[in-house]
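Notes follow once the structure below has been shown.
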Amino acid sequence: MSYQVGKKKLLQQLNFEVQAGELLAILGANGAGKSTLLKLLSRELIPSSGKIIFRGRDLQSYKLPELAKQRAVLSQQNTISISFLVNELVMMGRYPHFDQHPGANDIAIVKKVMEQTGITHLEGRDYNTLSGGEQQRVQLSRVLAQIYDCENACLYLDEPTNGLDLLYQQQMMELARHLADQGYCVICILHDINFASRFADKIMMLKDGRTVASGTPVEVINCENIHQTFGVNVKLMVCEGYNCPLVIPATIQT
């Protein structure tokens with residue numbers, strides 16, 4: 001699959017596969033094409049060449065209402081200017097599933113996902129009064145509600161730890177891992193290599209719209225691939241309890 005705007009090639013000849021029950025982490029420097037790739041996977045954009053096969057069918061063959069029930073996207077920016085209560089906002093994820101009024105199943109699903117993400121105690125709060133970490137969990141609840149009753153649905157996370165403190169980053173990645181273990185196909189854009197190596201089943205590294213490396217964390221996380229992708233030298237430290245080494249940036253000589 002490739003994608004270009006005018007003569008500018010943003011993604012070039014990408015080829016990969018992700019299964020239900022797997023978490024794929026996409027790594028790369030700013031401008032590598034990560035967010036563009038996610039927009040293609042969610043059908044916000046259409047490939048210039050090649051195909052995306054989604055659940056056994058060409059992605060372009062889906063009608064948008066049908067697709068909305070099978071994949072959901074957690075974007076980087078989720079600014080809301082109008083006041084909504086938390087439970088109202090989470091219910092928005094169920095909009096593809098009913099016409100005017102939510103049914104008993106929709107209400108039950110909203111309750112379940114709020115329990116799963118640990119925000120039940122916030123259900124009556126105004127969304128705009130929440131902390132950044134709390135808002136991110138509310139938005140995750142919304143997208144989970146959207147695909148909750150679709151077996152092996154796809155969840156796309158665009159830098160879900162961005163702007164969060166260490167505790168919320170850890171909680172967000174643990175939840176993403178848990179969702180993959182439940183059978184979701186989770187594709188997650190990350191900047192933190194150590195989070196990717198710890199939580200992902202597969203890692204794909206991008207640079208200038210091309211694949212630098214793709215495979216399991218053990219196969220991908222090495223000094224050469226990291227230097228080629230990010231232009232920085234690193235040291236790898238073996239850490240007990242982890243399958244992959246801890247990545248530490250080396251001192252930059254000036």
Side-chain angles (χ1 to χ4, degrees), residues 1-79 93 95-96 139-140 142-144 146-147 150 152-162 172 176 179-180 183-193 195-196 199-215 220 225 228-230:
M1 177 185 65
S2 298
Y3 180 76
Q4 66 183 66
V5 177
K7 295 183 179 180
K8 178 67 174 178
K9 296 180 179 179
L10 301 181
L11 292 172
Q12 302 182 58
Q13 299 180 339
L14 300 187
N15 186 24
F16 64 96
E17 183 176 287
V18 193
Q19 301 288 344
E22 291 182 338
L23 194 162
L24 168 68
I26 302 174
L27 300 176
N30 293 333
K34 304 184 299 298
S35 293
T36 299
L37 174 57
L38 216 59
K39 290 178 180 179
L40 286 160
L41 295 176
S42 64
R43 220 183 86 169
E44 186 176 338
L45 299 174
I46 299 175
S48 302
S49 63
K51 288 184 178 181
I52 300 172
I53 304 301
F54 177 76
R55 295 168 63 89
R57 288 169 51 188
D58 188 330
L59 184 64
Q60 301 306 316
S61 71
Y62 285 85
K63 295 182 179 180
L64 288 178
E66 180 187 13
L67 190 60
K69 298 176 182 179
Q70 301 182 54
R71 66 92 179 94
V73 185
L74 180 64
S75 304
Q76 288 187 49
Q77 302 295 330
N78 294 288
T79 303
Y95 282 2
Q139 293 293 345
L140 180 60
R142 175 182 57 80
V143 299
L144 286 180
Q146 180 181 334
I147 56 175
C150 177
N152 303 331
C154 287
L155 178 63
Y156 304 137
L157 307 175
D158 192 354
E159 298 187 27
T161 60
N162 189 35
M172 181 64 70
L179 293 169
Y184 288 91
C185 172
V186 181
I187 299 179
C188 183
I189 293 177
L190 292 172
H191 279 296
D192 193 306
I193 301 173
F195 272 144
F199 291 102
D201 298 293
K202 297 176 180 177
I203 295 175
M204 181 167 63
M205 292 183 171
L206 296 180
K207 182 178 182 180
D208 297 329
R210 292 183 179 272
T211 303
V212 174
S214 182
V220 170
N225 286 339
Q228 187 176 350
T229 303
F230 296 98

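Sequential numbering from 1 along the given sequence is applied to the chain's residues.
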Side chain to side chain contact (heavy atoms under 4.5 Å, CB included) between Glu17 and Glu22: does it pass, once the steps are laid out?
CA-CA 10 Å; Glu17 183 176 287; Glu22 291 182 338; over 6 Å; no

Sub-4.5 Å side-chain heavy-atom contact between Thr211 and Leu206:
yes

Between Lys34 and Met205 (side chain of the first, backbone of the second, donor and acceptor by atom type, cut-off under 3.5 Å), is there such a pair?
no

For the residue pair Arg57 and Tyr62, would you count it as a cation-pi contact if the rule is NZ or CZ under 6.0 angstrom from the ring centre and within 45 degrees of the ring axis?
yes

CD (Gln13) with more than 12 external heavy atoms under 6.0 Å:
no

From Gln60 CD over to Leu67 CG, what is the distance, rounded to the nearest 0.5 angstrom?
9.5 Å

Heavy-atom side-chain contact between Leu190 and Pro160 under 4.5 Å
yes

For Ile147 versus Cys154, what's the shortest heavy-atom pair and its separation?
CD1-O, 3.6 Å

For the residue pair Val220 and Leu27, establish whether any side-chain heavy-atom pair is separated by less than 4.5 Å.
no

Does Ser48 reach the side chain of Lys9, with side-chain heavy atoms less than 4.5 Å apart?
no

Min side-chain heavy-atom separation Asn162-His191 under 4.5 Å:
no

Member of Val73, Ile187, Leu140 meeting the side chain to side chain contact (heavy atoms under 4.5 Å, CB included) criterion with Leu157:
Leu140

With Leu40, which of Ile46, Leu59, Ile52 fulfils side chain to side chain contact (heavy atoms under 4.5 Å, CB included)?
Ile52

CG-OG1 distance between Leu14 and Thr36, expressed to the nearest 0.5 angstrom
10.5 Å

Start with the C-alpha distance between Phe54 and Gln70, add both sets of side-chain angles, then the distance that settles side chain to side chain contact (heavy atoms under 4.5 Å, CB included), and finish with yes or no.
CA-CA 10 Å; Phe54 177 76; Gln70 301 182 54; 3.9 Å; yes

Using 0.5 Å steps for rounding, measure from the CG atom of Leu24 to the SG atom of Cys185.
8.0 Å

For Glu44 and Ser75: C-alpha separation, side-chain torsions, deciding distance, then whether side chain to side chain contact (heavy atoms under 4.5 Å, CB included) applies.
CA-CA 12 Å; Glu44 186 176 338; Ser75 304; over 6 Å; no

Side chains of Lys69 and Pro96 in contact at under 4.5 Å (non-hydrogen atoms)
yes

For the backbone of Gln228 and the side chain of Lys207, can you confirm whether one donor and one acceptor N or O come within less than 3.5 Å of each other?
yes

Starting from the C-alpha separation in whole Å, work towards a yes-or-no answer on side chain to side chain contact (heavy atoms under 4.5 Å, CB included) for Asp158 and Lys39.
CA-CA 10 Å; Asp158 192 354; Lys39 290 178 180 179; over 6 Å; no

From Arg43 CZ over to Leu41 CG, what is the distance, rounded to the nearest 0.5 angstrom?
13.0 Å

Neighbour count above 12 (heavy atom, 6.0 Å) for Asn15 CG
no

Euclidean distance, Leu155 CG relative to Gln146 CD, rounded to 0.5 Å
9.5 Å

Could you tell me if the side chain of Val186 sits less than 4.5 Å from the side chain of Phe199, heavy atoms only?
no

Please round to the nearest 0.5 Å and tell me the distance separating atom CZ of Arg71 and atom SG of Cys150.
11.5 Å

Please confirm whether the backbone N or O of Asn152 pairs with a side-chain atom of Arg55, one donor and one acceptor, at under 3.5 Å?
yes

